[in-house]
Amino acid sequence: MNEQILSFLRELGAHNNREWFLENKPRYDALREGFIDEVQALINRIALFDPEVAGLEARDCLFRIYRDIRFSPDKTPYKTHFAAYIARGGRKSERGGYYLHLEPGHSLLSGGVWCPPPALLKKLRQDIYDQIEEFAAIIEAPAFKRVFPALDGETLKRMPAGFPADSPYGYILRHKDFCVSSLKPDAFFREDDWMERAVADFRLLLPFNRFLNYTVDEYLGLV
């Protein structure tokens, strides 16, 4: 199934227009249904070690393939990837979760909190700073670092206001996002055991997500 998805996406990348997509819509619909089944199987396996995702419906976790081009200089109408975000609340959740991204040459597994609103980012930074040794131990653990080598996303050039400029943890606190990724070759998703291997990688994210979600849940008034 994943090879068929990647093949479709390669063709879509070369013919990113409505005419081609409409001609191939039945093919897309079938592949999307197959992807939904894969995501549901992932949810069920992740729920064995992270019960917070138990009961999630895959359809609530999938992202649309249609791009919002209203404010973008890129007017191509379709995304060239299939993706799903597995977290309580589904794809729109602000909680740390598990992200699957299939795109020819750019596939990845990811997790954590991406693009938090300013108030949540400020709270995440403060809580990370208050428990910095615990957080650093999570992301610097050898098993974690082999799969997820570093925090992703943009960083500030200087330490954010309210934090010591000489902190040895500036490489963490300057981040605007608190997420990590593991880039995967297309061949990873062609293997018969890709899902077992993906679940093993996602399992490494559990302490990372739990640390972040304590803050997110406080911010959302859930605790």
Side-chain angles (χ1 to χ4, degrees), residues 1-13 15-16 18 20-70 72 74 76-116 152-153 177 179-184 186 188-191 194-199 201-203 205-206 209 212-213 216 220:
M1 173 58 67
N2 287 336
E3 178 53 41
Q4 296 174 52
I5 290 173
L6 290 167
S7 178
F8 173 84
L9 292 170
R10 278 190 287 270
E11 293 178 46
L12 176 59
H15 306 90
N16 200 328
R18 289 180 177 82
W20 185 90
F21 190 80
L22 288 175
E23 288 177 7
N24 289 271
K25 185 67 160 47
R27 182 179 166 202
Y28 163 74
D29 289 339
L31 292 172
R32 185 176 184 276
E33 288 301 314
F35 187 61
I36 287 171
D37 290 343
E38 288 187 333
V39 172
Q40 192 64 60
L42 267 178
I43 291 170
N44 296 341
R45 296 187 190 199
I46 293 170
L48 296 176
F49 64 83
D50 187 350
E52 289 191 354
V53 305
L56 264 179
E57 293 291 332
R59 292 179 187 276
D60 296 329
C61 299
L62 262 65
F63 291 94
R64 288 162 47 88
I65 200 166
Y66 306 97
R67 295 183 63 248
D68 183 351
I69 60 175
R70 291 173 298 173
S72 173
D74 178 3
T76 51
Y78 305 105
K79 300 171 186 174
T80 55
H81 61 265
F82 277 22
Y85 188 56
I86 300 170
R88 194 169 71 199
R91 62 182 171 273
K92 295 182 179 180
S93 178
E94 291 183 298
R95 303 182 86 249
Y98 311 89
Y99 178 67
L100 168 65
H101 182 103
L102 290 182
E103 181 176 8
H106 302 282
S107 296
L108 57 86
L109 305 175
S110 182
V113 176
W114 177 257
C115 288
D152 290 342
D177 313 283
C179 61
V180 291
S181 296
S182 179
L183 300 177
K184 303 295 187 187
D186 292 352
F188 177 92
F189 295 98
R190 297 190 191 108
E191 299 295 334
W194 78 267
M195 191 171 294
E196 288 76 13
R197 295 166 65 192
V199 169
D201 287 355
F202 281 148
R203 185 187 291 269
L205 292 172
L206 183 60
N209 283 332
L212 297 171
N213 283 337
V216 175
L220 295 175

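Keep in mind it's a predicted model, so treat the numbers as computed, not measured. Below, each value reflects all heavy atoms present in this structure, side chains not excepted, and no hydrogens, waters or symmetry copies.
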Considering all heavy atoms, the nearest A87-G96 contact: CB-O, 4.2 Å
Close side-chain approach of D177 to P116, heavy-atom, < 4.5 Å: yes
Derivation and outcome, side-chain contact (heavy atoms from CB on, under 4.5 Å), residues F189 and S107: CA-CA 9 Å; F189 295 98; S107 296; 3.4 Å; yes
Check: S182 side chain, L109 main-chain N or O, donor-acceptor pair, under 3.5 Å: no
Heavy-atom pair of closest approach, residues K79 and L12: O-CD2, 3.3 Å
Nearest heavy atoms of V39 and A84, plus distance in Å: CG2-CB, 3.8 Å
Residue pair M1 / E38, side-chain heavy-atom distance below 4.5 Å: yes
Nearest heavy-atom neighbours spanning L56 and C61: CD1-SG, 4.0 Å
Straight-line distance of L100 CG to N2 CG, nearest 0.5 Å: 8.0 Å
Backbone of I46 reached by a side-chain donor or acceptor of D50 within 3.5 Å: no
Expected output: side-chain N213 to main-chain R95 donor-acceptor under 3.5 Å: no
R45: partners by side-chain contact (heavy atoms from CB on, under 4.5 Å), with sequence neighbours left out: M195, E196, V199
Ring centers of Y85, Y98 separated by less than 6.0 Å: no
Any D186 side-chain heavy atom under 4.5 Å of R10 side chain: yes
Separation of Q40 CD from R59 CZ (nearest 0.5 Å): 9.5 Å
D201/R197 ion pair, N-O < 4.0 Å: no
From F82 atom CZ to I36 atom CD1, the distance as rounded to the nearest 0.5 Å: 9.5 Å
Which atom of W114 lies closest to which atom of G153, heavy atoms considered: CZ3-CA, 3.9 Å
Inter-residue atom distance E57.CD - L62.CG, 0.5 Å rounding: 12.0 Å
Residues in salt bridge (charged side-chain N to carboxylate O under 4.0 Å, His left out) contact with E103, at least two apart in sequence or another chain: none
OH on Y28 to CG on L22, rounded to 0.5 Å: 12.5 Å
Nearest-0.5 Å distance that lies between atom CZ in F21 and atom OH in Y66: 4.5 Å
Heavy-atom pair with the smallest gap, counting every atom of P104 and L6: CG-O, 3.5 Å
Residues in side-chain contact (heavy atoms from CB on, under 4.5 Å) contact with R27, at least two apart in sequence or another chain: S7, F8, E11, W20, N24, L31
Side chains of T76 and D74, donor plus acceptor under 3.5 Å: yes
